[in-house]
Amino acid sequence: MKRTHYAGTLREEHIGQEVVLFGWVASRRDQGGCIFIDLRDREGIAQVMFDPTVDAAAFEAADRSRREWVLGIRGVVRDRGTMRNPRLPTGAIEIVAREAVVFNKSETPPFEILDDIDTNEDKRLEFRYLDLRRPKLQKALRARHLLSQATRNHMTDNGFLEVETPFLVKYTPGGARNFLVPARLHPGKFYALAESPQLFKQLLMVGGYDRYFQIVRCFRDEDLRIDRQPEFTQLDVEMSFVNQDDIFTIIEGLIFKVWKEIAGIDLLAKYPSGTFPRMKYDESMRRFGNDKPDVRFGLEHIDLTELTIEHGGGGVPMLTPLAEKYKSGEFRRDLPPEIVKALVVPASANFSRTEGDKLEAVVKGMGSKGLARAKVGPSGEWTQSPLAKNISNEFRDAVNAACGAKDGDLILLQFGTASQVHMVMANLRLHLGKKLGLIPESGAAGNWEFLWVVEPPLFEYDDEGKRWAAAHHPFTRPHDASLEFLESDPGRVLCYRYDIVLNGFEIGGGSIRLHDPDVQAKVFGVLGIRDEDARQKFGFLLDALRFGAPPHGGIALGWDRLSMLLTETEAIRDVIAFPKTQKASDAMTGAPDRVAPEQLAELKVKTLAE
RNA sequence: GGGGUGGUAGUUAAGUUGGUUAUAACGCCGGCCUGUCACGCCGGAGGCCGCGGGUUCGAGUCCCGUCCACCCCGCCA
């Protein structure tokens, strides 16, 4: 018996043909005199009819068969006439079985192999090979394959070479925590698993390869999220002799192409120029509180810091110290360390007091002390608010005006350190967006909002260490216009760093690299990295940059996230065949696990656990 | 490291103020049915109520601890 067709591909054009199908029993309906089996393979499902008067042995095999048994069927495709099933692509036809072979039986599976099952994910991960039989997962993994395939074509067509780089690399401090691998041939020493090919791709530019890409696994030993796995995949790209626009063009071309080829969506209808809009980091933080804004909906933040300063806190005890610190000059207005922000829930949302309390619980879960609220009355007065009794009428009216708040609106306030207020308000905005139905809980619902976020600061101040730290990595090129502040006022230095954002997910980021040794030395100076430290950590790269490094830059796209968004699935686990759980273990294989003492001895490694 | 939600039959869930034999649906097993396609009808089996301890005459239910899964913060591009 040799397969002639996939079950899911059969259509009316096959009527009259004899076909051979191999697949799994998706469902079996015993009518007594005849039996129907829905046979499933990777292309879909087709109904097979077993009639004892056509072939008694085939009928007997169907009689014995159960769900998930593996069958081979030889039969003739027949028109179902008036008995069609409009819900199946193959519903116009059925196969009348003339021969049936049972390749394998199956135990009763722990859950049904259906798209709409609501089995808990831990059970599905334990039996991942069964979960993978579900059409939904097969569709997602196929889309991911098409994405990678189209990408290889696009990159090749644009002159890129795919080059592999090592996974076993030298540990470099900073950035993500690395997985470590004991080096048997070097007792007491360790490799690190590469958290990205960052340094190697820059070396490929020095090596003259000009345009590099790789679809590559990366490893980071950090806590997991719905869009983070300990091993994940990037489309890694690096180019020589380019500026930011050149890199954007390559990525925009790629995205337009794959959205059309795989999702069937022509992004030119929304972005006729073939480019995505750009927003400065500063604007993104001000309006949305983070650097990956979901611009599918409004509910933008309203910055009340200036207003608060102007009114000296407006009589609100908790805001007075903040206003005074700005007035005394302790806080800089151009780089505000503490801020006041508001969000307005429109009256139309009809928010109850209890719902406001729930919101407060949400922000407290994010480390906020509380959520000041004020319900606006017909003439602008505030009710249901602890602020109402202290706030001056002038300040209250000014806040109402700044918020555009009308009768029935609910104003939500946060104040404190800029990073905390931004984080809380950004998450609160997303929470409200979903709660008010402005964005779907998951998926895009046909609304794809792409955005480049550009010109972030090069440094950020580390309050605990009381020093400047690299906001991304120390090889990012500062903006030419910012160079003068490099040593005098590092907080004002912007850089050629960019993120591409889709519907509130950061799907990629990159930078133009710093290839000027003089500027590099100044950057290290600001970071407090001494020459010998730099040599110790990045010696090979610094050496390479002195041997005729071309100007270069690149980007990396999160392949799992992009696949998740493209397929409108809910987590990157849905586009990874064998993902890890939230605790980074494998529910199916039991990894990680203990190893035999002899194995550790061979590696000269001793464990302190237990 | 912190916060939250959940864990009851193979699966998904209900389980009241602590009180008799722990329910339902789907699945599974047996029987019947030649046009079903979420087939239908009749019958049946199936439980360490995550685990450990405590309170109580009595715990699925209350308390303490612990494990696992998921979501968020910290962390991480």
Side-chain angles (χ1 to χ4, degrees), chain A residues 26-38 45-54 59 66-68 78 80-88 90-91 94 96 107-114 116-127 130 174-178 195-196 198 218-230 232 234 236 291-292 358 361-368 419-420 423-424 426-428 430-431 441 453 456 464 471-473 497-501 505-511 555-558 560-561 570-571 573 580-583 585 587:
Chain A
S27 123
R28 176 177 162 278
R29 294 176 294 277
D30 185 348
Q31 294 295 307
C34 72
I35 294 171
F36 296 97
I37 281 181
D38 286 345
I45 279 176
Q47 171 168 294
V48 184
M49 197 249 199
F50 296 83
D51 185 334
T53 65
V54 172
F59 179 82
R66 292 294 180 270
R67 275 167 198 255
E68 302 309 320
R78 176 165 76 183
R80 280 170 74 172
T82 58
M83 304 308 299
R84 295 183 175 203
N85 183 349
R87 298 188 305 133
L88 279 182
T90 59
E94 68 185 356
V96 184
E107 290 183 18
T108 301
F111 50 82
E112 295 171 72
I113 315 298
L114 295 169
D116 52 2
I117 59 168
D118 46 7
T119 305
N120 287 326
E121 208 175 2
D122 50 341
K123 190 59 71 178
R124 290 169 41 206
L125 287 176
E126 186 184 340
F127 297 93
L130 296 179
R177 195 178 289 122
N178 292 89
E195 54 189 84
S196 79
Q198 181 61 40
C218 303
F219 305 89
R220 288 175 194 165
D221 187 9
E222 296 292 347
D223 286 1
L224 279 60
R225 287 286 187 281
I226 200 161
D227 60 351
R228 283 176 6 203
Q229 283 270 308
F232 63 98
Q234 285 186 342
D236 198 43
D291 60 356
K292 45 174 186 175
K358 281 186 193 157
V362 169
V363 303
K364 280 187 172 169
M366 293 183 284
S368 174
S419 58
Q420 169 78 9
M423 185 272 287
V424 169
N427 285 319
L428 189 60
L430 289 175
H431 180 88
E441 284 287 340
V453 176
E464 291 187 9
H472 300 293
H473 67 87
R497 161 83 207 184
Y498 31 82
D499 287 334
I500 181 167
V501 177
F505 283 89
E506 181 204 311
I507 56 171
S511 63
I555 192 166
L557 299 188
D560 311 285
R561 285 181 192 172
E570 288 170 29
R573 290 188 297 270
K580 303 278 192 289
T581 69
Q582 174 111 36
K583 278 235 176 105
S585 51

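Order of the sequence lines sets the chain letters (A, B, ...), proteins ahead of strands, with each chain counted from 1. Values below: all heavy atoms of this structure, side chains included; hydrogens, waters and symmetry mates excluded.
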Considering just the side-chain nitrogens and oxygens of [X], establish if one lies under 4.0 Å of OP1 or OP2 belonging to [N].
| X | N | result |
| --- | --- | --- |
| A:Arg66 | B:C29 | yes |
| A:Asn85 | B:U36 | no |
| A:Arg29 | B:U36 | no |
| A:Lys583 | B:C68 | yes |
| A:Ser27 | B:C39 | yes |
| A:Arg573 | B:C71 | yes |
| A:Thr119 | B:U11 | no |
| A:Asn120 | B:U11 | no |
| A:Ser419 | B:G74 | no |

For this session: Give a yes or no on whether a donor-acceptor pair under 3.5 Å exists between the nucleobase atoms of B:C39, that is its base, and the side chain of A:Gln31.
Result: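 Side chain to base: pair present.
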For this session: Kindly say whether, by distance alone, the side chain of A:Glu222 makes a donor-acceptor pair under 3.5 Å with the base of B:G74?
Result: no
Reckon [X] touches a base, only the sugar-phosphate, or nothing at all at heavy-atom distances under 4.0 Å?
| X | answer |
| --- | --- |
| A:Ser196 | nothing |
| A:Asp118 | sugar-phosphate |
| A:Asp51 | base |
| A:Thr90 | nothing |
| A:Ile35 | nothing |
| A:Glu506 | base |
| A:Arg228 | base |
| A:Gln229 | nothing |
| A:Arg28 | nothing |

Write down the distance between [atom1] ([X]) and [atom2] ([N]), rounded to a whole number of angstrom.
| X | N | atom1 | atom2 | value |
| --- | --- | --- | --- | --- |
| A:Phe232 | B:C76 | CZ | C1' | 9 Å |
| A:Asp38 | B:C39 | CG | C1' | 11 Å |
| A:Arg67 | B:C39 | CZ | C1' | 12 Å |
| A:His473 | B:C76 | NE2 | P | 15 Å |
| A:Lys123 | B:A9 | NZ | P | 10 Å |
| A:Gln47 | B:U34 | CD | P | 16 Å |
| A:Asp499 | B:C76 | CG | C1' | 13 Å |
| A:Glu121 | B:C71 | CD | P | 7 Å |

Problem set entry | Nearest atoms (heavy-atom pairs only) where A:Val363 meets A:Leu428 |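 Heavy atoms only, the tightest pair is CG1-CD1, 3.8 Å.
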Watson-Crick or G-U counterpart of [N], or none if no pair lies under 3.5 Å:
| N | value |
| --- | --- |
| B:U5 | B:A69 |
| B:A25 | B:U11 |
| B:U34 | none |
| B:U17 | none |

For the side chain of [X], starting at C-beta, report the closest nucleotide among [options].
| X | options | answer |
| --- | --- | --- |
| A:Arg177 | B:C68, B:C28, B:C75 | B:C75 |
| A:Glu94 | B:C75, B:U36, B:C70 | B:U36 |
| A:Asp30 | B:C33, B:C37, B:C76 | B:C33 |
| A:Asp223 | B:G74, B:C76, B:G35 | B:G74 |
| A:Arg80 | B:G35, B:C72, B:C70 | B:G35 |

Can any side-chain N or O of [X] pair as donor or acceptor with the backbone N or O of [Y] at less than 3.5 Å?
| X | Y | result |
| --- | --- | --- |
| A:Glu195 | A:Gly175 | no |
| A:Arg561 | A:Asp227 | yes |
| A:Arg220 | A:Pro230 | no |
| A:Asn120 | A:Asp122 | no |

For this session: Please figure out whether A:Gln582 or A:Met49 has its closest RNA chain B nucleotide nearer the 5' end.
Result: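 Counting from the 5' end, the first nearest nucleotide belongs to A:Met49.
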Problem set entry | Position toward the 5' end of RNA chain B (nearest nucleotide), A:Ala587 or A:Ala556 |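 Nearer the 5' end of the strand: A:Ala587.
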Exercise. So, A:Phe111 and B:U11: ring centres less than 5.5 Å apart, planes less than 30° off, yes or no?
Worked result: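 No, A:Phe111 does not stack on the base of B:U11, since the centre distance and plane angle fail the 5.5 Å and 30° test.
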Exercise. Can A:Ser27 and A:Arg29 be said to form a side chain to side chain donor-acceptor pair (under 3.5 Å), step by step?
Worked result: CA-CA 7 Å; A:Ser27 123; A:Arg29 294 176 294 277; 2.8 Å; yes
Hey, what do you get for [atom1] ([X]) to [atom2] ([Y]), rounding to the nearest 0.5 Å?
| X | Y | atom1 | atom2 | result |
| --- | --- | --- | --- | --- |
| A:Leu130 | A:Glu107 | CG | CD | 10.0 Å |
| A:Gln198 | A:Cys218 | CD | SG | 10.0 Å |
| A:Lys123 | A:Phe111 | NZ | CZ | 9.0 Å |

Quote, to the nearest angstrom, the [atom1] distance that separates [N] from [M].
| N | M | atom1 | result |
| --- | --- | --- | --- |
| B:C28 | B:G50 | C1' | 24 Å |
| B:A22 | B:G15 | C1' | 8 Å |
| B:C76 | B:C72 | C1' | 14 Å |
| B:G7 | B:U66 | C1' | 14 Å |
| B:G10 | B:G27 | C1' | 7 Å |

